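The next block holds one structure in the form of structure tokens; read it before the comments.
The shown structure was predicted, so the numbers you read here are calculated from the model rather than taken from an experiment.
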Amino acid sequence: EWLMSYAVGLNLAEPGFARATVAPHVDWRLHSCAATMDTAAGTYAASWECVDETHLRVCVTVPSDGEAEVTLPLATEEAYEELGGHVLAVGTYEVTYETTRPLRRVPSVDWTVAQLLDDPAVANAARPFVDGFDFCMSTADQSKTLRELQAEGLGQNVKMTDGQLEACDAALRALSD
């Protein structure tokens with residue numbers, strides 16, 4: 001059920017099975033995901049595929065008695081136009097589009113501290129290189145990158161040399177999806 005409702009994002013939107021939503025949660029590590037849902041209105045289908053690091057293919061099939069509201073991840077309005085809109089009637093639709101940011105996450109010292117702290121594995125990789133990483137980052141600091149903070153001196157209790165910054169960056173980049 002997680003695969004269909006979360007990863008593919010295929011869910012019923014209202015009783016009677018006449019309307020579904022398709023709102024995929026794309027994860028580069030999965031590369032692609034597909035699901036079908038048999039309903040009284042017919043079979044809904046949705047899939048996505050990471051074509052490369054910046055292009056995504058999304059396919060949606062809407063049965064004869066249904067419609068689907070689609071949310072394309074990391075898409076511009078142009079991608080919706082190519083798909084046929086935000087709400088799709090009966091038919092099969094496919095769009096391949098350039099995403100608004102890379103699908104593959106590559107952590108680095110150019111991520112904000114908030115982004116680093118949001119992922120436990122990434123935060124753990126940074127800790128050995130930044131003395132006081134967890135204790136001395138104010139809320140304002142969390143909107144800055146480690147590179148910016150290192151250039152500013154990181155505050156009175158947090159120290160990071162140029163060598164530590166580069167070693168930290170290498171350790172973070174090794175965690176890429």
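Closest non-hydrogen pair, Pro73 versus Val26, comes out as CG-CG2, 3.6 Å. Closest approach of Val22 to Ala46, counting heavy atoms only: CG1-CB, 3.8 Å. Pro102 approaches Thr54 most closely through the heavy-atom pair CA-CG2, 4.2 Å. Taking all atoms of both residues into account, the shortest heavy-atom contact from Leu3 to Cys33 is CD1-SG, 2.8 Å. When all heavy atoms are compared, the tightest approach of Ala171 to Ala125 is CB-O, 4.4 Å. Leu175 and Pro107 get closest at one heavy-atom pair: CB-CG, 4.0 Å.
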| Derivation and outcome, side-chain contact (heavy atoms from CB on, under 4.5 Å), residues Leu83 and Val70 | CA-CA 9 Å; Leu83 179 66; Val70 179; 3.8 Å; yes
| request: Quick one: do Leu56 and Tyr97 satisfy side-chain contact (heavy atoms from CB on, under 4.5 Å)? Show the steps, please. | output: CA-CA 6 Å; Leu56 187 64; Tyr97 61 94; 3.2 Å; yes
| request: Go through the steps to decide whether Leu72 and Tyr80 satisfy the test side-chain contact (heavy atoms from CB on, under 4.5 Å), and finish with yes or no. | output: CA-CA 7 Å; Leu72 296 173; Tyr80 285 98; 3.8 Å; yes
| task | Output, in order, the C-alpha distance, side-chain angles, deciding distance and verdict of side-chain contact (heavy atoms from CB on, under 4.5 Å) for Thr92 and Cys59. | result | CA-CA 7 Å; Thr92 298; Cys59 303; 5.8 Å; no
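At least one side-chain heavy atom of Thr100 sits less than 4.5 Å from a side-chain heavy atom of Thr76. Proximity of Thr43 to Pro63: side-chain heavy atoms (C-beta onward) are nowhere separated by under 4.5 Å.
One distance of note links CG of Asp162 with CZ of Arg147; it measures 9.5 Å at 0.5 Å rounding. Between the CD atom of Glu98 and the CG atom of Leu103 there is a distance of 10.0 Å, given to the nearest 0.5 Å. Atom OG1 of Thr36 is separated from atom CG of Asp38 by 5.5 Å, given to the nearest 0.5 angstrom. We find the CD-CG distance between Glu148 and Asp110 to be 8.5 Å, quoted to the nearest 0.5 Å. Between the CG atom in Asp52 and the CH2 atom in Trp28 there is a gap of 6.5 Å [rounded to 0.5 Å]. Distance check, rounded to the nearest 0.5 Å: NE2 of His25 to CH2 of Trp2 gives 10.0 Å.
Without hydrogens or angle criteria, Trp111 side chain to Leu146 main chain gives no donor-acceptor distance under 3.5 Å. Side-chain atoms of Tyr44 do not come within 3.5 Å of backbone N or O of Thr39 as any donor-acceptor pair.
Linking Ile, Leu, Val, Met, Phe, Trp and Tyr whenever their side-chain heavy atoms come within less than 4.5 Å puts Val60 and Leu30 in one cluster. Side-chain heavy atoms closer than 4.5 Å link hydrophobic residues (I, L, V, M, F, W, Y) into clusters, and following such links, even through other members, never connects Val58 to Val51.
Under the salt bridge (charged side-chain N to carboxylate O under 4.0 Å, His left out) criterion, the residue pairs touching residues 39-51 are Glu49-Arg57, with sequence neighbours excluded.
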Check: residues 113-123 side-chain donor-acceptor pairs under 3.5 Å, at least two apart:
residue : atom : partner : partner atom : Å
Gln115  : OE1  : Thr112  : N            : 2.8
Gln115  : OE1  : Thr112  : OG1          : 3.3
Asp119  : OD1  : Ala121  : N            : 3.0
Asp119  : OD1  : Val122  : N            : 3.4
Asp119  : OD2  : Arg105  : NH2          : 2.7

When the side chains of residues 5-15 are checked against the rest of the protein, which donor-acceptor pairs come out under 3.5 Å, sequence neighbours left out?
residue : atom : partner : partner atom : Å
Ser5    : OG   : Glu1    : O            : 2.9
Asn11   : ND2  : Ser5    : O            : 3.0

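Not counting sequence neighbours, Tyr93 has no partner by the ring-ring contact (aromatic ring centres under 6.0 Å, His included) test. In this structure, His55 has no ring-ring contact (aromatic ring centres under 6.0 Å, His included) partners at least two apart in sequence or on a different chain. The side-chain hydrogen bond (donor to acceptor under 3.5 Å, both in side chains) test applied to Glu69 returns Arg19, not counting sequence neighbours.
By the neighbour-count criterion of 12 heavy atoms within 6.0 Å, atom CD of Glu78 is sparsely surrounded, having that number or fewer from other residues, nucleotides or ligands.
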